[in-house]
Visitor: 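Quick one: the structure is below, and I'll ask about it shortly.
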Amino acid sequence: MPLAFGADDPTCTALIEDWLAGWRNEASFQGPALVVVEAGRIDLIGQVGLGERGDGIVELVYGIAPDFRGHGYASSAARLVASWLLTEGLARQVELRIDKDRVASQRVAIRAGFTLVGTVICHVPATGATYEDLRYTLSRQVVTV
């Protein structure tokens, strides 16, 4: 897999191994992830990570490389992954947790078909800090591709 500018092989290998461990249901910091590439290309331009929240809820996290932002990749990837999770019965609901100041990510959520349903207080065990995110959801009965 081609590496982003400035990324070294050991760092990228460790990240990919962590994603693969998540797919094998082994201990993983990031959990399973899917890569985002342009059709017909092999360059990694982003990723979508999956996190189990319990009760049939899966959280998506996504990131697109700066040079590729603003072209609809994030909303397309979020919509496709959410649709896959919901239509295959792998989740009953998919959620995005987005910082209230990240307006571009909020637009991604809306373009991907997610609905703002409120906020969620998140806790960081390592620091004891808490923060509030906006919570967007997409449920099985409203999936369209």
Side-chain angles (χ1 to χ4, degrees), residues 1-37 43-145:
M1 173 179 299
L3 305 176
F5 177 76
D8 64 9
D9 286 344
T11 300
C12 292
T13 298
L15 177 60
I16 292 168
E17 285 300 321
D18 186 67
W19 290 344
L20 292 172
W23 283 112
R24 292 187 301 261
N25 208 22
E26 297 171 356
S28 168
F29 181 75
Q30 300 287 333
L34 299 152
V35 296
V36 178
V37 298
D43 300 328
L44 172 68
I45 63 170
Q47 63 88 23
V48 177
L50 310 173
E52 176 62 40
R53 289 286 175 192
D55 195 30
I57 300 171
V58 174
E59 179 185 6
L60 295 186
V61 295
Y62 52 83
I64 301 295
D67 290 348
F68 294 92
R69 293 178 186 157
H71 300 286
Y73 293 114
S75 56
S76 291
R79 182 175 48 254
L80 288 169
V81 173
S83 176
W84 168 65
L85 290 166
L86 296 168
T87 59
E88 293 297 320
L90 302 170
R92 71 168 182 78
Q93 186 176 78
V94 179
E95 76 174 18
L96 302 173
R97 295 180 176 192
I98 301 173
D99 184 286
K100 65 181 183 284
D101 295 327
R102 297 195 54 107
V103 177
S105 290
Q106 294 168 37
R107 287 194 297 264
V108 165
I110 292 165
R111 281 194 302 269
F114 286 75
T115 302
L116 177 61
V117 296
T119 60
V120 61
I121 302 296
C122 302
H123 177 73
V124 182
T127 64
T130 60
Y131 58 94
E132 184 177 43
D133 276 341
L134 300 175
R135 183 171 183 262
Y136 290 81
T137 64
L138 187 63
S139 297
R140 188 174 296 150
Q141 64 272 17
V142 295
V143 172
T144 57
V145 178

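Residues take their numbers from the sequence shown, with the count starting at 1.
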Visitor: Quick one: closest heavy-atom pair of Ala78 and Ala112, and the distance?
Guide: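 Of all heavy-atom pairs spanning Ala78 and Ala112, the closest is CB-CB, 4.1 Å.
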
Visitor: Locate the shortest heavy-atom distance separating Pro125 from His123; write the atom from each residue and the value.
Guide: CD-O, 3.3 Å

Visitor: How close do Ala77 and Val48 get, counting heavy atoms only, and between which atoms?
Guide: CB-CG2, 3.7 Å

Visitor: Determine the minimum heavy-atom distance between Leu138 and Gly113, stating which atoms define it.
Guide: CD1-O, 3.2 Å

Visitor: Are the side chain of Asp99 and the backbone N or O of Asp101 linked by a donor-acceptor pair below 3.5 Å?
Guide: yes

Visitor: When rounded to the nearest 0.5 angstrom, what distance separates CZ in Phe114 from CG in Leu60?
Guide: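 It is 5.0 Å, given to the nearest 0.5 Å.
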
Visitor: Would you compute the distance between atom CD of Gln106 and atom CG of Leu116 and round it to the nearest 0.5 angstrom?
Guide: 8.0 Å

Visitor: When rounded to the nearest 0.5 angstrom, what is the spacing between OG in Ser105 and CZ in Arg69?
Guide: 8.5 Å

Visitor: Return the CG to CG distance between Leu80 and Leu34, rounded to the nearest 0.5 Å.
Guide: 10.0 Å

Visitor: Can you tell me how far CD1 of Ile110 sits from OG1 of Thr115, rounded to the nearest 0.5 angstrom?
Guide: 8.5 Å

Visitor: Could you note down all residue pairs passing side chain to side chain donor-acceptor pair (under 3.5 Å) where residues 128-138 supplies at least one of them, sequence neighbours left out?
Guide: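 Sorted pair list: Gln93-Arg135, Glu95-Arg135, Thr119-Glu132.
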
Visitor: Within a radius of less than 6.0 Å around CZ of Arg102, do more than 12 heavy atoms belonging to other residues, nucleotides or ligands occur?
Guide: no

Visitor: The test is side chain to side chain contact (heavy atoms under 4.5 Å, CB included); show your working for Val58 and Glu52 and say whether it passes.
Guide: CA-CA 5 Å; Val58 174; Glu52 176 62 40; 4.0 Å; yes

Visitor: Rounded at 0.5 Å granularity, tell me how far CG in Asp67 sits from CD1 in Ile45.
Guide: 10.5 Å

Visitor: For Ala109 versus Leu96, what's the shortest heavy-atom pair and its separation?
Guide: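 Closest approach of Ala109 to Leu96, heavy atoms only: CB-CD1, 3.6 Å.
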
Visitor: Hey, are the side chains of Val81 and Tyr62 touching, using non-hydrogen atoms and a 4.5 Å cut-off?
Guide: no

Visitor: Does Ser76 reach the main-chain N or O of Tyr73 with its side chain, forming a donor-acceptor pair under 3.5 Å?
Guide: no

Visitor: Is any side-chain heavy atom of Leu85 closer than 4.5 Å to a side-chain heavy atom of Leu50?
Guide: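 Yes. Closest side-chain heavy atoms under 4.5 Å.
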
Visitor: Donor-acceptor pair, distance only, cut-off 3.5 Å: does the side chain of Arg79 make one with the backbone of Arg111?
Guide: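 Between the backbone of Arg111 and the side chain of Arg79 there is a qualifying donor-acceptor contact (under 3.5 Å).
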
